[in-house]
Number of protein chains: 2
Amino acid sequence: MPKSPNSHTLVAFDQELSHLDRLLVRQFELVRGMIRDAMTAVAQCDVSLARQIILRDNEVDDLEFAIENHCIKILALRSPIANDLRWVLATLKASSELERMGDFSKNIGKRIDVLSLDPNIKVNQNLQMMGVVILDQLEKLLQAWIDEKAEPTMAVWKGDEAVDALYDSTFRELLTQMTEFPLTINSNIHLLFIAKNMERLGDHITNIAEDLYYRITGQKPAADRPKADQTCSAASYTDPALMALKKEGAE
Amino acid sequence: MPKSPNSHTLVAFDQELSHLDRLLVRQFELVRGMIRDAMTAVAQCDVSLARQIILRDNEVDDLEFAIENHCIKILALRSPIANDLRWVLATLKASSELERMGDFSKNIGKRIDVLSLDPNIKVNQNLQMMGVVILDQLEKLLQAWIDEKAEPTMAVWKGDEAVDALYDSTFRELLTQMTEFPLTINSNIHLLFIAKNMERLGDHITNIAEDLYYRITGQKPAADRPKADQTCSAASYTDPALMALKKEGAE
């Protein structure tokens with residue numbers, strides 16, 4: 001971890017900030033592990049792995065609590081300013097995002113029980129690809145956090161578009177499948193919520209990238225935020241209204 | 001607004017804290033208005049109202065930005081401790097929750113376009129009841145924030161169970177309808193996501209109640225958190241596996 005620009009005469013303060021960073025990196029790694037296992041549990045309908053993920057969420061919550069307390073201690077006793085204040089605030093926010101990411105992974109894990117009851121369950125390829133992209137984004141974000149580099153942070157921030165595009169395709173495919181094969185509705189609804197959880201994981205990665213960019217530069221990213229979920233107005237590929245529009249070339 | 005227990009000799013500091021509170025109450029009121037209109041837009045499939053909600057989200061985001069900047073200024077210039085530090089941190093967190101609640105309301109608004117295309121759309125009564133309960137919870141939370149009272153804050157914190165129970169019923173009813181009438185899938189999927197957004201609104205109200213309780217008492221609520229979404233393992237009322245379980249009296 002590079003030294004903070006305002007090098008402290010108070011060694012104890014430096015140590016407190018380093019300890020804060022270690023806690024956050026630990027939380028990052030835990031969440032990354034949960035997401036990785038959640039993807040495997042979905043692909044293989046692995047109920048036992050899913051149950052492990054659910055149990056591990058407590059550790060993520062405990063870390064958020066420890067990080068929050070450590071931040072409050074630093075704010076109260078050290079009255080940090082400038083770069084150090086940004087460090088503490090960005091960590092506080094990022095830790096809260098990671099806690100939610102743990103919740104989403106747990107939520108994915110909870111849905112495996114139902115999916116495992118369906119012998120014909122087929123996990124959409126775009127959904128699996130979402131998992132690959134999210135894990136790659138998270139890996140790059142963790143590295144950018146450790147290196148405190150603005151450029152790779154912005155690359156992660158912009159990278160959420162790929163997750164959104166895959167979510168859009170997954171949404172439409174699952175909806176089409178449900179419309180064509182109503183017997184698949186129960187399982188596909190849960191896959192749809194899993195996809196939505198993954199899309200939200202991508203949003204939280206974007207939020208942490210914003211926190212980190214602020215920590216490094218003192219600014220919010222200047223560009224427009226990558227577009228969010230576009231499926232709010234989406235219909236299935238077989239929807240008559242949509243097909244009519246397609247024929248008219250209105251799309 | 002009652003005076004902070006640590007009454008300040010610095011009048012300017014008191015004014016800064018009061019200004020912070022005014023900004024947060026304004027953000028609260030904006031989000032409450034968005035949720036109220038989102039409920040109306042869903043019930044009446046009102047596309048024009050839905051578009052207004054979407055536009056108003058920018059104002060909520062701007063307020064979050066203003067609150068965050070004001071908090072950073074106070075932290076950097078006043079180095080608050082004890083009760084004042086909690087006040088600033090709780091406001092920072094609550095504002096971020098409200099920003100997300102604005103996003104959820106906007107997301108509900110965005111789905112009205114698709115719903116309005118379906119002439120046979122029927123909005124589930126439990127879904128409408130969720131809206132009523134959420135608005136009531138939000139009203140009580142705002143009052144508790146203004147009064148700085150721990151007891152009504154805990155009542156709001158515990159009240160999320162009612163929202164979760166209504167979400168659970170809505171989820172099962174929509175799933176059943178889709179299974180029985182596959183032509184309703186497109187609309188019902190969007191209603192399902194609206195219900196999920198509303199359940200998340202309830203979660204964020206609980207989070208703000210936790211922030212407020214911390215601001216008032218310096219503690220997190222001691223009791224277990226109200227149970228979260230139980231639909232992860234839910235099936236429709238016509239699901240054969242579920243019906244078999246019912247017959248066996250295993251439910």
Side-chain angles (χ1 to χ4, degrees), chain A residues 54 65 68 71-72 75-82 85-86 88-89 92-93 96 100 103 106-114 117-118 171 174-175 178-183 185-190 192-193 196 200 203 207 214 220 228-236 238-242, chain B residues 54 61 65 68 71-72 75-82 85-86 88-89 92-93 96 100 103 106-114 117-118 171 174-175 178-183 185-190 192-193 196 200 203 207 214 220 228-236 238-239 241-242:
Chain A
I54 296 165
F65 189 68
E68 200 175 299
C71 285
I72 293 171
L75 288 169
L77 300 181
R78 305 287 181 189
S79 302
I81 55 164
L85 178 58
R86 290 207 307 273
V88 174
L89 292 179
L92 199 61
K93 289 186 81 173
S96 159
R100 279 165 211 258
D103 286 346
K106 182 172 79 171
N107 196 283
I108 293 174
K110 279 181 177 177
R111 295 185 189 276
I112 309 294
D113 259 346
V114 173
L117 296 176
D118 180 350
F171 184 94
L174 289 172
L175 209 52
M178 280 187 257
T179 313
E180 289 180 353
F181 310 104
L183 282 174
I185 288 177
N186 268 342
S187 304
N188 279 331
I189 286 285
H190 288 286
L192 205 56
F193 274 110
K196 186 66 193 170
R200 296 290 298 146
D203 288 345
N207 291 347
Y214 164 78
K220 297 271 178 191
D229 168 14
Q230 297 292 303
T231 62
C232 298
S233 53
S236 78
T238 52
D239 181 62
L242 196 78
Chain B
I54 295 165
D61 293 353
F65 189 68
E68 198 174 300
C71 285
I72 292 171
L75 287 170
L77 300 181
R78 304 287 181 189
S79 304
I81 55 165
L85 178 57
R86 290 207 306 271
V88 175
L89 292 179
L92 199 62
K93 290 185 81 174
S96 159
R100 279 164 211 258
D103 286 347
K106 180 171 81 171
N107 196 283
I108 292 173
K110 281 183 175 175
R111 296 185 188 275
I112 310 293
D113 258 346
V114 173
L117 296 175
D118 180 351
F171 183 95
L174 289 172
L175 209 54
M178 280 188 257
T179 314
E180 287 179 355
F181 310 103
L183 282 175
I185 289 177
N186 269 341
S187 304
N188 278 331
I189 286 286
H190 288 285
L192 204 55
F193 274 108
K196 183 69 194 169
R200 296 290 298 144
D203 288 345
N207 292 346
Y214 163 78
K220 298 271 176 192
D229 166 17
Q230 299 290 306
T231 63
C232 297
S233 53
S236 78
T238 54
D239 181 63
L242 199 76

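Chain letters run A, B, ... following the sequence lines, proteins first and then strands; every chain starts at 1. Everything numeric here is computed off the predicted structure, so don't read it as measured data.
- Looking at Glu68(B) and Lys93(A), their side chains come closer than 4.5 Å, going by heavy atoms from C-beta outward.
- At least one side-chain heavy atom of Leu89(A) sits less than 4.5 Å from a side-chain heavy atom of Leu92(B).
- Residues that satisfy the side chain to side chain donor-acceptor pair (under 3.5 Å) test with Lys196(B), not counting sequence neighbours, are Glu199(B), Asp229(B).
- To the nearest 0.5 angstrom, Glu180(A) atom CD is 10.0 Å from Ile185(B) atom CD1.
- If you tally non-hydrogen atom pairs under 4.5 Å between each of Ile112(B), Leu192(B), Leu77(B), Leu183(B) and chain A, the highest count goes to Leu192(B).
- Just one of Ile189(B), Asn186(B), Asn188(B) meets the side chain to side chain contact (heavy atoms under 4.5 Å, CB included) condition when paired with Met178(A); it is Ile189(B).
- The side-chain heavy atoms of Asn207(A) and Arg100(B), taken from C-beta on, include a pair separated by under 4.5 Å.
- Side-chain contact between Asn107(A) and Cys232(B) is present, with heavy atoms from C-beta onward closer than 4.5 Å.
- When heavy atoms are compared at a cutoff of 4.5 Å, Asp118(B) does not approach chain A at all.
- The greatest number of non-hydrogen atom pairs below 4.5 Å with chain A, out of Ile108(B), Leu75(B), Asp113(B), Asp103(B), is found for Leu75(B).
- Scanning all heavy atoms of the two residues, the minimum distance from Ala76(A) to Leu85(B) falls at CB-CD2, 3.7 Å.
- Contact of Phe181(B) with chain A is not made at all, since no heavy-atom distance falls under 4.5 Å.
- Note that NZ of Lys110(A) and OG1 of Thr231(B) are 9.0 Å apart. Values are rounded to the nearest 0.5 Å.
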